[in-house]
Peer 1: 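I have a structure here, written as structure tokens, and I will follow up with some questions on it.
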Amino acid sequence: MEKIKTLAAITIGALVLSAAYAMSIGDRSADFSVDSDTGRSTRHVVHGDRGEFILKEDDIKVEASWRGEFELDPLGTDIERLGRKFEITHTADGVSKRALFERSRGDIKRSYFVDDAEQADGPETDAAITELLVVFLRASGMKAEERVTAFLKQGGADAVLQEMTHLDSDHSLRRYTEALTEQADLSGEQLTTLVALLKNVESDHDLRRALGSIMDHEDISAELTPVLIDAAGGIESDHDLRKLMEAFAERSLNGEAMDLALGLFERIESDYDLRIAAVALLENSSLDNKGATRLLLAAADQVEGDHDMRLILDESAELYSKDPELTAAWLKAYGALESDHDQRLIIEEVADEGDHPVAAWKSLIEATSAIEGDHEQRLALEAIAEEMGDDPALIEAYREAAADISSDSDRKRALEAIVDTED
């Protein structure tokens with residue numbers, strides 16, 4: 001049994017995705033292959049009530065196959081119900097150890113073999129069979145929900161966390177995290193322990209899903225926020241960071257939540273993913289003015305593409321004049337635009353919102369001076385003239401902005417747009 005313990009020690013840690021990875025949640029449908037740079041490989045195929053699992057590293061190999069559904073006992077360490085047959089083989093240094101579970105007359109027959117020689121029944125054989133089964137369950141992540149339920153009944157969340165220190169793959173750590181956070185409310189200390197375990201996960205997909213489950217089901221405190229941000233630093237893919245933010249954006253965005261959201265936002269480099277993440281946050285009805293201000297300031301610093309920045313500004317157009325700090329943040333983000341066309345389009349969008357305070361209208365008028373093209377600046381000013389009203393201070397600011405237009409025809413048309421207002 002020493003070789004089984006050696007296998008558990010070797011396989012603890014993250015499996016790096018480098019081959020195919022296509023999987024659905026649950027134990028009835030899975031199909032993926034994982035190879036690591038260290039030479040470890042895993043193959044897991046499940047279709048309905050049939051499946052096989054193979055883990056190989058150096059001279060160590062674990063194989064499992066089953067026919068028919070199987071269920072674990074209340075302790076999560078034995079098979080209690082079996083459709084037809086379940087077999088696990090462990091090979092190391094040329095020695096093969098095999099546990100066989102077979103349905104026989106409504107009962108389950110258990111057999112144990114060493115190099116094909118069947119071993120006598122007894123406590124040692126029972127322990128060897130249990131250990132082989134546990135090695136398989138830890139490595140594959142199968143029956144994670146049932147095992148988490150069992151450990152919760154035996155010793156609460158701490159018992160689950162202790163078991164998770166023995167898990168053998170990114171996939172397993174993710175599945176146990178999902179099961180634990182769905183079934184239990186964790187304390188701050190327990191959440192910190194869980195997140196620390198996830199720092200061993202190298203797969204962006206699994207780390208994102210695991211952290212997402214914590215954010216979906218647990219309370220995020222000010223103390224936990226930096227720990228989660230640090231763990232998310234292990235995600236290299238902009239896509240997975242953005243997907244994590246999209247999931248997180250569905251919850252209430254209080255102060256700690258925005259700290260976490262912006263901590264994730266700052267790690268994204270792709271303009272496209274930054275824009276999708278920002279829009280997801282802006283669509284959350286719980287986002288307050290302070291949170292929106294912080295988000296727009298972050299976008300101003302990070303988003304480089306005009307198209308993506310304009311779409312963020314478009315989503316936040318209705319927030320433009322909610323308070324002076326938010327207006328200033330929106331204008332800073334607007335200042336990152338270089339395209340005359342995008343500048344004009346977003347000013348038109350904000351003007352269409354109407355009903356802005358005089359100071360906000362004046363700032364919008366002044367913002368048109370950043371538009372270099374006479375035609376685009378004139379169209380932006382005309383959109384403002386339609387909605388700004390007849391306040392003398394605004395009319396004066398408008399005239400000053402229009403006077404800067406070089407083209408005589410565009411300047412004239414821009415000024416004509418306020419004639420009716422003055423009259």
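Numbers here are sequence positions counted from 1.
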Peer 1: Among residues two or more places apart or on two chains, list those pairs meeting side-chain hydrogen bond (donor to acceptor under 3.5 Å, both in side chains) that have a residue in residues 150-162.
Peer 2: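 As it turns out, the side-chain hydrogen bond (donor to acceptor under 3.5 Å, both in side chains) pairs with a partner in residues 150-162, which skip direct neighbours, are Asp158-Gln190.
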Peer 1: Restricting to side chain to side chain contact (heavy atoms under 4.5 Å, CB included), what partner residues turn up for Ala370, sequence neighbours left out?
Peer 2: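 Applying side chain to side chain contact (heavy atoms under 4.5 Å, CB included) to Ala370 gives Tyr334, Gln343.
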Peer 1: List in chain and number order the residues that pass side chain to side chain contact (heavy atoms under 4.5 Å, CB included) with Arg98, two or more places apart in sequence or in another chain; answer none if no residue qualifies.
Peer 2: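 Arg98: side chain to side chain contact (heavy atoms under 4.5 Å, CB included) contacts with Glu87, Thr89, Leu100, Phe113, Asp116.
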Peer 1: Provide the closest heavy-atom pair for Ala139 versus Ser172 in the form atom of the first, atom of the second, distance.
Peer 2: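 Reported closest heavy-atom pair: O-OG, 3.2 Å.
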Peer 1: Who are the salt bridge (Lys or Arg N to Asp or Glu O under 4.0 Å) partners of Glu315, not counting sequence neighbours?
Peer 2: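 For Glu315 there are no salt bridge (Lys or Arg N to Asp or Glu O under 4.0 Å) partners, ignoring immediate neighbours.
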Peer 1: Can you list the residues that meet the side chain to side chain donor-acceptor pair (under 3.5 Å) rule with Thr225, with sequence neighbours excluded?
Peer 2: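 Thr225: no side chain to side chain donor-acceptor pair (under 3.5 Å) contacts found.
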Peer 1: Give every residue pair that meets the ring pair (Phe, Tyr, Trp, His ring centres under 6.0 Å) criterion with at least one member in residues 224-273, sequence neighbours excluded.
Peer 2: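 Sorted pair list comes back empty.
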Peer 1: Can you name the side chain to side chain donor-acceptor pair (under 3.5 Å) partners of Asp340, sequence neighbours left out?
Peer 2: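 With neighbours one apart ignored, the set is empty.
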Peer 1: Going by the rule salt bridge (Lys or Arg N to Asp or Glu O under 4.0 Å), which residues pair with Arg67 if we only count those two or more places apart in sequence or in a different chain?
Peer 2: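 Arg67 satisfies salt bridge (Lys or Arg N to Asp or Glu O under 4.0 Å) with no other residue.
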Peer 1: Using a strict 4.0 Å threshold on nitrogen-to-oxygen distance, state whether Arg175 and Asp170 make a salt bridge.
Peer 2: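 Looking at Asp170 together with Arg175, the answer is no, because their closest N to O distance does not fall below 4.0 Å.
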Peer 1: If you count every heavy atom of other residues, nucleotides or ligands that lies below 6.0 Å from Glu304 atom CD, does the total exceed 12?
Peer 2: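 Incorrect, the count does not exceed 12.
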Peer 1: Who passes side chain to side chain donor-acceptor pair (under 3.5 Å) against Glu400, sequence neighbours left out?
Peer 2: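 By the side chain to side chain donor-acceptor pair (under 3.5 Å) rule, Glu400 matches no residue at all.
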Peer 1: Between Asp49 and Arg84, is the closest basic N to carboxylate O distance under 4.0 Å?
Peer 2: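 Salt bridge between Arg84 and Asp49, a charged N being under 4.0 Å from a carboxylate O: no.
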Peer 1: Tell me which pairs pass ring pair (Phe, Tyr, Trp, His ring centres under 6.0 Å) where either residue lies in residues 131-163, with sequence neighbours left out.
Peer 2: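 Listed by first then second residue: Phe53-Phe136, Trp66-Phe136, Phe86-Phe136.
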Peer 1: Please, which pairs that meet side-chain hydrogen bond (donor to acceptor under 3.5 Å, both in side chains) have at least one residue in residues 350-370, sequence neighbours excluded?
Peer 2: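 Applying side-chain hydrogen bond (donor to acceptor under 3.5 Å, both in side chains) to every pair that reaches into residues 350-370, excluding sequence neighbours, yields Ser321-His356.
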Peer 1: With Thr91, which residues qualify under side chain to side chain donor-acceptor pair (under 3.5 Å), at least two apart?
Peer 2: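 Not a single residue meets the side chain to side chain donor-acceptor pair (under 3.5 Å) criterion with Thr91.
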Peer 1: Counting neighbours of CD on Glu80 that are heavy atoms of other residues, nucleotides or ligands and sit closer than 6.0 Å, is the number greater than 12?
Peer 2: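 Count over threshold, so yes.
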Peer 1: Is the closest side-chain donor-acceptor distance between Glu182 and Ser213 under 3.5 Å?
Peer 2: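 No, no side-chain donor-acceptor contact under 3.5 Å.
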Peer 1: What heavy-atom pair brings Leu381 and Tyr398 nearest, and what distance separates the two atoms?
Peer 2: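 Shortest heavy-atom contact: O-CE1, 3.1 Å.
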